[in-house]
Amino acid sequence: MNYNFTEIEKKWQDYWEENQTFRTPDLKDIDKSKPKYYVLDMFPYPSGDGLHVGHPEGYTATDIVARYKRMKGFNVMHPIGWDSFGLPAEQYARKTGIHPEISTENSISRFRKQLKSLGFSFDWKREVATSHEDFYKWTQWIFVKIFNSYYDDEAGRARPIEELPVPPGLVEKERKDYVNSRRLAYLADVPVNWCPELGTVLANEEVPEQVEKGYTVVRKNMRQWNLRITKYAERLLNGLERLDWPSNVKELQKNWIGKSTGASVIFEIDGAAGRSGSVEIFTTRPDTIYGASYLILAPEHKLVKEITSEEKADEVRKYIEDASRKSDLERAELAKDKTGVFTGSYAVNPVNGKKIPVLVADYVLVSYGTGAIMGVPGHDERDNEFARKYSLGIIPVVAPEGLDDEGLREFSRKTVSGEECFTGEGVSVNSGMIDGMRTPEAIEAICNWLEANGKGRRTVNFKLRDWLFSRQRYWGEPFPIVHLEDGTIKSLSNDELPLVLPETAVFTSGASGEPPLANAGEWVNISDQETGLKAIRETNTMPQWAGSCWYFLRFLDPHNTNEFCSKEAERFWMPVDLYIGGMEHAVLHLIYARFWYKVLYDLGYVSYDEPFSKLFNQGMILGEDGVKMSKSRGNVINPDDVIKEFGTDSMRLFEMFMGPLEATKPWSTKGIEGLNRFLKRIWRLVIDEETGALSSKIADDCWDESIIRLINKTIKKVTDDIEDGDMKFNTSISYMMIFINELYKTERFSKEVIEKFILILSPFAPHIAEELWSRLGNKPSIQNVPWPEYDPELVKEETVTIVFQVNGKVRSKLDMNAGTSEKEIEDAALDDEKVKKHILGKQIVRIVTVKDKMVNVVVK
RNA sequence: GCCCGAGUGGCGGAACUGGUAGACGCGCAGGACUUAAAAUCCUGUUGGCUGUAAAGUCAGUAUCGGUUCGAUUCCGAUCUCGGGCACCA
């Protein structure tokens with residue numbers, strides 16, 4: 001009776017389903033004396049193509065951990081669901097006329113079936129989909145909470161908007177405007193990335209991906225929803241420190257948040273034709289202020305018009321117009337050739353009274369800092385390039401430390417001529433009050449002076465921008481917002497949620513950027529219950545990230561109709577103990593989800609301030625040819641085919657055996673054959689293929705000590721590999737193979753030994769494990785059997801191979817009892833024939849001995 | 001350009017805190033079983049040189065250098081590949 005994986009896998013999948021083996025009980029029914037473990041996969045977007053082999057990689061890893069933890073006696077939460085809103089379904093609808101809801105449900109069914117065929121131990125009773133009404137009701141509910149909150153800068157947290165102190169003496173309209181200007185979700189006319197082909201705006205971070213696909217993205221001013229994530233910049237940055245995340249992801253988020261510390265400085269304008277005012281600039285190097293030879297305003301800077309002289313007005317206006325037509329991307333691409341125009345006005349350097357020209361240049365971004373900079377061409381690469389192009393003066397004000405007079409002269413000459421641009425820290429020169437100070441000291445001194453004289457202050461800036469939160473799409477969460485005819489906006493009340501998507505059949509947006517929902521007249525035009533005013537609904541929808549910002553909370557209490565998740569369930573299960581997904585979500589999803597969680601924390605709906613304690617990124621699986629799988633290359637491996645040919649257990653095992661989880665590695669059909677062979681070897685060890693009965697090699701009275709030692713070592717290795725969190729299951733599988741190879745060499749082995757082996761195999765290859773476990777006469781499910789312990793005494797080596805070296809080269813080896821004294825192994829080394837041969841006639845200088853390891857005889 | 005990460009047999013990859021480099025698998029070679037093949041089992045497999053063999057010997061973890069009795073592991077420089085950011089002042 002051969003190893004019939006198809007039959008076995010079907011049988012046990014049915015068994016698990018019928019017996020609800022992986023059901024995590026509701027909170028009230030849980031044995032709370034046992035520790036909890038929340039192991040989460042990044043839920044998939046159910047695309048029409050079905051699963052690819054990359055999906056099972058991460059899912060297998062989490063499944064191994066989940067099954068292991070259950071056997072270790074943990075309460076395990078291991079859910080799955082669907083990130084089911086998204087553009088592809090909508091594009092498909094435009095092409096075929098099939099409603100996104102229908103195609104999405106079809107895709108979900110397909111994904112569900114495929115995931116079930118992989119034997120993952122998900123609790124399917126907790127399945128959720130972001131596009132289902134009972135899910136997005138709560139996405140909308142959270143949005144309303146965000147909308148109705150403001151950030152209390154002093155307390156450093158969000159609060160309900162009712163608690164916002166409003167300045168007295170405001171009329172109703174002013175009061176409303178004031179409140180609206182503080183909300184964590186707000187409407188603003190912002191320059192957005194408009195993609196005409198997709199008919200929607202894109203978040204900054206989404207642009208590169210779409211451009212790569214060949215879409216055009218242009219800049220356009222549109223009234224859009226934004227979330228005030230910038231208020232959380234500092235907390236999002238600091239929170240990273242405590243997380244057990246890969247350092248590169250932390251680094252990416254850190255760069256994305258982009259904190260920089262410096263000063264803002266006020267320059268008075270000494271303008272042409274009596275124009276005046278002042279410009280505030282931001283710099284991280286206030287110590288270089290004596291080297292400022294010009295000021296630059298971003299084209300969109302408010303002051304540009306005011307300070308531009310009449311004779312320069314035409315030129316400046318034209319420059320601004322040109323700049324406004326460029327997208328951010330174009331600006332960046334054209335960056336190599338910096339351009340700018342003189343405004344005709346001058347600014348006065350507060351530290352030395354020097355008059356310097358004020359220019360407009362689009363290499364300065366309006367959205368960062370104050371939208372204005374001081375140009376220090378001696379010590380900033382960009383300013384240097386610009387100054388050389390427009391022949392603006394270069395003044396050396398920071399010299400590298402330790403230069404002598406001659407060196408300093410040379411350095412100055414090179415700086416002035418533009419040959420050198422020193423951007424590092426050093427010693428201030430030509431810098432009045434800070435001459436001779438080292439950079440950190442000089443920065444302090446200048447900041448103190450600026451603050452004392454009211455010319456500036458210490459400032460912190462972040463690269464992080466507010467999150468552009470609306471999209472002109474159909475297939476997303478509608479905003480629970482109405483615009484009243486009096487021009488005010490209000491959020492829906494809880495009993496009006498969910499605000500369900502209209503069954504509109506038109507999925508195209510207007511060229512002007514009118515979203516598809518604007519076509520649904522009846523849905524859009526309403527009258528407000530409370531005031532009786534005419535109103536229109538918000539017709540934008542939320543971006544795909546919205547649902548994934550909080551789905552991990554819904555899993556904990558998926559059928560709760562009163563709350564998005566009960567506080568008790570949240571407190572018990574959160575934070576997520578292990579979160580596995582692809583590197584592509586390192587910044588966006590993971591920063592947005594942290595942000596929402598922190599808002600919910602501030603408002604008292606969750607009890608921790610970070611949602612994901614440990615994060616792990618799985619690597620990509622490449623095609624057999626070593627390049628990324630793609631339809632056009634024809635190197636795509638379909639998991640369904642693999643399962644048909646080799647079975648799920650082989651596939652799971654192979655995906656883990658290919659290498660460390662985080663590595664990018666190529667698929668190999670030969671490789672999976674090897675793992676299939678391994679499972680067949682295990683099968684034949686237990687089952688007599690002729691008769692179908694248990695193998696006659698299994699005996700109760702056979703206690704081969706070396707095998708017992710080996711199974712203990714194998715248990716230890718597998719246990720340690722799962723516990724240490726490095727996700728290197730390739731070595732666990734190697735050890736299991738070694739064990740099986742050894743077992744093949746023995747005549748007989750005890751039932752207990754093979755049972756222990758099957759237990760540790762079970763998280764990796766659960767179907768064959770269940771089958772063999774029950775054939776050995778045990779009651780299913782193997783998932784309910786405790787994980788085997790190893791005997792620490794038995795994993796210790798009794799004999800160790802001592803290496804004898806002469807001058808660091810291995811010359812001989814000897815097996816000795818573990819724990820033999822250094823003296824003894826040293827004597828043994830000196831007594832060794834081969835060692836003797838190599839030290840013959842030479843003088844022993846030194847002998848290095850490491851217990852249980854080696855002896856190195858150093859001779860001359 | 002800047003910031004991360006990685007370079008180990010024909011291939012995927014092992015090697016604990018510096019202590020036998022190449023575990024395990026794939027591939028390949030040889031053998032057993034078979035009329036034959038597949039399947040299966042067993043043996044070998046970093047390279048060079050010497051040797052019929054046993055064995056010996058040198059080189060070897062991208063390259064060059066350093067620290068050390070001893071370096072895949074630590075330090076410095078260089079090269080290559082992968083990923084991210086890209087005028088953030």
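Chain letters run A, B, ... following the sequence lines, proteins first and then strands; every chain starts at 1.
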[N] and [M]: how far apart are their [atom1] atoms, nearest whole angstrom?
{"N": "U8(B)", "M": "U57(B)", "atom1": "C1'", "value": "23 Å"}
{"N": "U80(B)", "M": "G56(B)", "atom1": "C1'", "value": "38 Å"}
{"N": "G25(B)", "M": "C42(B)", "atom1": "P", "value": "10 Å"}

Please confirm whether Phe386(A) and Tyr294(A) have ring centers closer than 6.0 angstrom.
-> yes

Are the charged groups of [X] and [Y] less than 4.0 angstrom apart, N to O?
{"X": "Lys670(A)", "Y": "Glu673(A)", "result": "yes"}
{"X": "Glu797(A)", "Y": "Lys713(A)", "result": "yes"}
{"X": "Glu742(A)", "Y": "Arg709(A)", "result": "no"}

For [N], does OP1 or OP2 lie under 4.0 Å from any side-chain N or O of [X]?
{"X": "Arg846(A)", "N": "U68(B)", "result": "no"}
{"X": "Tyr363(A)", "N": "A89(B)", "result": "no"}
{"X": "Arg677(A)", "N": "C26(B)", "result": "yes"}
{"X": "His585(A)", "N": "G84(B)", "result": "no"}
{"X": "Asn741(A)", "N": "G25(B)", "result": "yes"}
{"X": "Lys670(A)", "N": "G27(B)", "result": "yes"}
{"X": "Arg684(A)", "N": "A39(B)", "result": "no"}
{"X": "Arg811(A)", "N": "C58(B)", "result": "yes"}

Would you mind pulling out the nucleotide paired to [N], Watson-Crick or G-U wobble, both distances under 3.5 Å?
{"N": "C41(B)", "value": "G31(B)"}
{"N": "A59(B)", "value": "U46(B)"}
{"N": "G19(B)", "value": "C69(B)"}

Stepwise, does the side-chain hydrogen bond (donor to acceptor under 3.5 Å, both in side chains) test hold for Asp721(A) with Thr731(A)?
-> CA-CA 8 Å; Asp721(A) 273 347; Thr731(A) 54; 2.9 Å; yes

Looking only at the side chain of [X] (C-beta and beyond, no hydrogens), which of the listed nucleotides [options] gets closest?
{"X": "Lys834(A)", "options": "C3(B), G56(B), U20(B)", "result": "G56(B)"}
{"X": "Trp256(A)", "options": "C85(B), G27(B), U20(B)", "result": "C85(B)"}
{"X": "Pro666(A)", "options": "A89(B), A39(B), G12(B)", "result": "G12(B)"}
{"X": "Lys813(A)", "options": "G13(B), U20(B), C3(B)", "result": "U20(B)"}
{"X": "Val810(A)", "options": "G56(B), C24(B), A21(B)", "result": "A21(B)"}
{"X": "Thr731(A)", "options": "A15(B), G56(B), U40(B)", "result": "A15(B)"}

[N] [atom2] sits how many Å from [X] [atom1], rounded?
{"X": "Lys853(A)", "N": "A15(B)", "atom1": "NZ", "atom2": "C1'", "answer": "11 Å"}
{"X": "Asn255(A)", "N": "C3(B)", "atom1": "CG", "atom2": "P", "answer": "10 Å"}
{"X": "Leu590(A)", "N": "G84(B)", "atom1": "CG", "atom2": "P", "answer": "15 Å"}
{"X": "Lys254(A)", "N": "C4(B)", "atom1": "NZ", "atom2": "P", "answer": "10 Å"}
{"X": "Phe729(A)", "N": "G25(B)", "atom1": "CZ", "atom2": "P", "answer": "20 Å"}
{"X": "Met658(A)", "N": "A14(B)", "atom1": "CE", "atom2": "C1'", "answer": "16 Å"}
{"X": "Glu797(A)", "N": "C16(B)", "atom1": "CD", "atom2": "P", "answer": "15 Å"}
{"X": "Glu826(A)", "N": "C69(B)", "atom1": "CD", "atom2": "P", "answer": "16 Å"}

By the 4.0 Å heavy-atom rule, please label [X] as base, sugar-phosphate, or nothing.
{"X": "Leu252(A)", "value": "sugar-phosphate"}
{"X": "Met854(A)", "value": "base"}
{"X": "Glu381(A)", "value": "nothing"}
{"X": "Asn856(A)", "value": "base"}
{"X": "Val848(A)", "value": "base"}
{"X": "Lys463(A)", "value": "base"}
{"X": "Gly674(A)", "value": "sugar-phosphate"}
{"X": "Ser247(A)", "value": "nothing"}
{"X": "His379(A)", "value": "nothing"}
{"X": "Ser260(A)", "value": "sugar-phosphate"}

Would you call the rings of Phe757(A) and Phe678(A) parallel, tilted or perpendicular if under 30° counts as parallel and over 60° as perpendicular?
-> perpendicular

Distance-only donor-acceptor test, Lys338(A) side-chain atoms vs C87(B) base atoms, 3.5 Å | yes

Does a distance-only test, which skips hydrogens and angles, find a donor-acceptor pair under 3.5 Å between the side chain of Asn248(A) and the base of C4(B)?
-> no

Taking atom NZ of Lys628(A) as the centre, does the number of heavy atoms from other residues, nucleotides or ligands within less than 6.0 Å exceed 12?
-> no

Answer yes or no: are there more than 12 heavy-atom neighbours, outside Lys254(A) itself, under 6.0 Å from its atom NZ?
->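 Check fails, neighbour count at 12 or below.
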
Relative to the 5' end of RNA chain B, which residue comes earlier, Lys665(A) or Gln805(A), by the nucleotide with the nearest heavy atom?
->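 Its nucleotide being nearer the 5' end, the pick is Lys665(A).
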
